[in-house]
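These numbers come from a predicted model, not from an experiment. What's counted below: heavy atoms across the whole structure, side chains too, no hydrogens, waters or symmetry copies. Lettering follows sequence order; numbering is per chain, from 1.
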2 protein chains.
Amino acid sequence: MSKSPVSGRALTKNKILDAAEELFAEHGFAETSLREITAKAEVNLASVNYHFGSKKSLIESVFDRFMESFTNQLMTEMAELDRGGEKVTVTAVLNTLVNPLIKIDDIRPNGSSVFMKLLGKAYAETQGHIRRFAMDRYSHVLARFTRLLHKASPDVKPSEMFWRLHFMLGAFIFTLAGHEALQEISESDFAQKVSVKEIISKLIPFLAAGFSTNEIPHNYLSAGEA
Amino acid sequence: MSKSPVSGRALTKNKILDAAEELFAEHGFAETSLREITAKAEVNLASVNYHFGSKKSLIESVFDRFMESFTNQLMTEMAELDRGGEKVTVTAVLNTLVNPLIKIDDIRPNGSSVFMKLLGKAYAETQGHIRRFAMDRYSHVLARFTRLLHKASPDVKPSEMFWRLHFMLGAFIFTLAGHEALQEISESDFAQKVSVKEIISKLIPFLAAGFSTNEIPHNYLSAGEA
DNA sequence: CATAAAATTAAACAACTGTTTGAAACATAC
DNA sequence: GTATGTTTCAAACAGTTGTTTAATTTTATG
């Protein structure tokens, strides 16, 4: 009813988003105050509530901006794989994630890093209920991804697919959300600098092998019970 | 110099720890106030600072109580596997985690669930730097675990081992930290109730297969660059 | 019992939180 | 120009935060 600026550049709004996403990724949502955000953005404190209504909806806006960019790119990649000549393997499906992720760096420096840190924080703070939220809001993306995985592994049952998909998601987000700490440890303990791209190139074969295992779960837990 | 009660039961201290760990796991550290904790524990507000000094050190104490129990059990399990007749496979090594985890339920209801949720929160809030902290404080446990993995897979280089170990850790913690959300989704979407034990029995083959992949990482990222 | 140490309590502290207000500044249209 | 709607601003709001204080009660020790 009175949202979009008539012809202005919505500069303040973007400055807030820029500052917020960085601080949120670095320190978490609850640990970042609006005053820190507005100070970094060099705007007035009240402008957050003016432009976004509340802190909660600012958080959602920060997310939306990332997700819109990411999911659009991902849909394109998946469409390309689906129609293209390349054989649809699990590895190929996982690889559709890579370009959309690192493309975020084109928009802003360290974008993919910020994005993954943000995702990690969001999952933890909402007790994983952001899973449901994201699955609802981007159900079409997830459905397409799942369909491709099914194409690559037709024998995996839907319910089994669900679990393996979320195992992959877990390793992916968790690893990349904490990639800076891992990079530091790798450098100090093995004298090896490892870029995010290299981490991903190690991670994807790991995930693909995990997904493709056809081992029947044994009764691991039957022994040693009181 | 004046810490341990001379003969008393340290009841207040434990009541605080019990209440804190539950609230921390449910809502996060920053989102839980000392007043909520002391209200739930039915103790005076000031007793937190009296017994623990600060909120920060209360958080650490909550962690220590879990980790001490867990790592002790784990060390026993690993020692058993290491000396015992059973062949040391990656799956067997991963299985040493299971009993120490579910044994926490004996100490208090839903203990393992609380523990995993706590771990997930801690990793996110500290940007993964709890990794370094945990790796320092429990380096002997991690070293033993790594040694067993090496015994199961002698061909994997230490630096490669490091990454695969943390991929496994990521999938493990991330999945179990959000297991309640996953259980809900599984039940609503597939009409399947899946217990934590069952999740773990699906997860371990996944991790083992991922760890044991000998695929050489290709240059996934060379194509499609601007 | 007397004494000293330990533990609990209600109250207050200063700092910080997200949000609201009403006036000022700005831009745009007539 | 005036009028209109949008955006910015400093200030204040009411509420919550972790922590400290000083008095009191409880517990243990001689």
Side-chain angles (χ1 to χ4, degrees), chain A residues 1-65 118 121-122 125-126, chain B residues 1-65 118 121-122 125-126:
Chain A
M1 224 82 84
S2 62
K3 265 307 184 50
S4 55
V6 181
S7 87
R9 306 120 295 161
L11 226 161
T12 303
K13 215 170 165 178
N14 282 324
K15 284 203 285 186
I16 292 172
L17 285 172
D18 289 343
E21 74 180 21
E22 216 161 303
L23 291 170
F24 284 152
E26 209 65 25
H27 306 121
F29 304 105
E31 296 87 347
T32 304
S33 70
L34 296 185
R35 280 168 182 82
E36 292 178 77
I37 295 171
T38 53
K40 180 170 183 133
E42 293 177 313
V43 301
N44 187 273
L45 168 63
S47 53
V48 171
N49 288 281
Y50 176 77
H51 283 287
F52 298 94
S54 67
K55 182 182 182 181
K56 190 180 172 184
S57 92
L58 167 62
I59 295 174
E60 288 172 18
S61 298
V62 166
F63 252 92
D64 279 343
R65 198 167 61 151
L118 227 46
K121 295 256 161 51
E125 287 203 10
T126 62
Chain B
M1 219 80 86
S2 62
K3 263 309 184 49
S4 56
V6 183
S7 88
R9 305 120 298 162
L11 225 159
T12 303
K13 217 171 163 178
N14 282 325
K15 284 203 286 186
I16 292 172
L17 286 172
D18 289 343
E21 75 179 20
E22 216 161 306
L23 290 170
F24 284 153
E26 209 65 25
H27 307 120
F29 303 105
E31 295 88 349
T32 303
S33 70
L34 295 186
R35 281 167 183 80
E36 293 177 77
I37 294 171
T38 53
K40 180 168 181 136
E42 296 177 311
V43 300
N44 188 273
L45 167 64
S47 52
V48 171
N49 287 280
Y50 177 77
H51 283 288
F52 297 94
S54 67
K55 183 182 182 179
K56 190 179 173 187
S57 92
L58 168 63
I59 295 174
E60 288 173 16
S61 298
V62 166
F63 253 94
D64 279 343
R65 199 168 61 152
L118 227 46
K121 294 256 160 53
E125 288 201 10
T126 62

Nucleotide nearest A:A46 (side chain, heavy atoms from C-beta), chosen from C:dA10, C:dT21, D:dT19: C:dT21
Spacing of A:F29 atom CZ relative to C:dG18 atom C1', expressed in whole Å: 17 Å
Euclidean distance, atom CG of residue A:L11 to atom C1' of D:dT7 [Å, nearest integer]: 12 Å
Distance in angstrom units between A:F52 CZ and D:dT8 P, rounded: 11 Å
Sugar-phosphate only, base, or nothing, as touched by B:T32 at under 4.0 Å among non-hydrogen atoms: sugar-phosphate
Side-chain heavy atoms of B:L45 within contact of B:R35, under 4.5 Å: yes
Distance test, side-chain N/O of B:N44 to OP1/OP2 of C:dA10, below 4.0 Å: yes
Minimum side-chain heavy-atom gap B:E60-B:K56 below 4.5 Å: yes
B:L34 side-chain proximity, nearest of C:dT19, D:dT20, D:dG18: D:dG18
Flag side-chain contact, heavy atom, 4.5 Å: B:L17 against B:N14: yes
Euclidean distance, atom NZ of residue B:K56 to atom C1' of D:dT17 [Å, nearest integer]: 17 Å
Rounded interatomic separation in angstrom, taking CG from A:L45 and C1' from C:dT19: 8 Å
5' priority, DNA chain C, between A:E36 and A:Y50 [closest heavy atom]: A:E36
Euclidean distance, atom CZ of residue B:R35 to atom P of C:dT17 [Å, nearest integer]: 16 Å
Closest nucleotide among D:dG18, C:dT8, D:dC9 to the B:H51 side chain: C:dT8
Presence of A:T12 side-chain N/O under 4.0 Å of D:dT8 phosphate oxygens OP1/OP2: yes
Protein-nucleotide distance (A:K13, atom NZ; D:dT6, atom P), rounded to Å: 13 Å
Interatomic distance where CG belongs to A:N49 and C1' belongs to D:dA11 [whole Å]: 15 Å
Distance test, side-chain N/O of B:S33 to OP1/OP2 of D:dT16, below 4.0 Å: no
Non-hydrogen side-chain atoms of B:L11 and B:V43 separated by less than 4.5 Å: no
A:K121 side chain reached by A:F29 side chain, heavy atoms, under 4.5 Å: yes
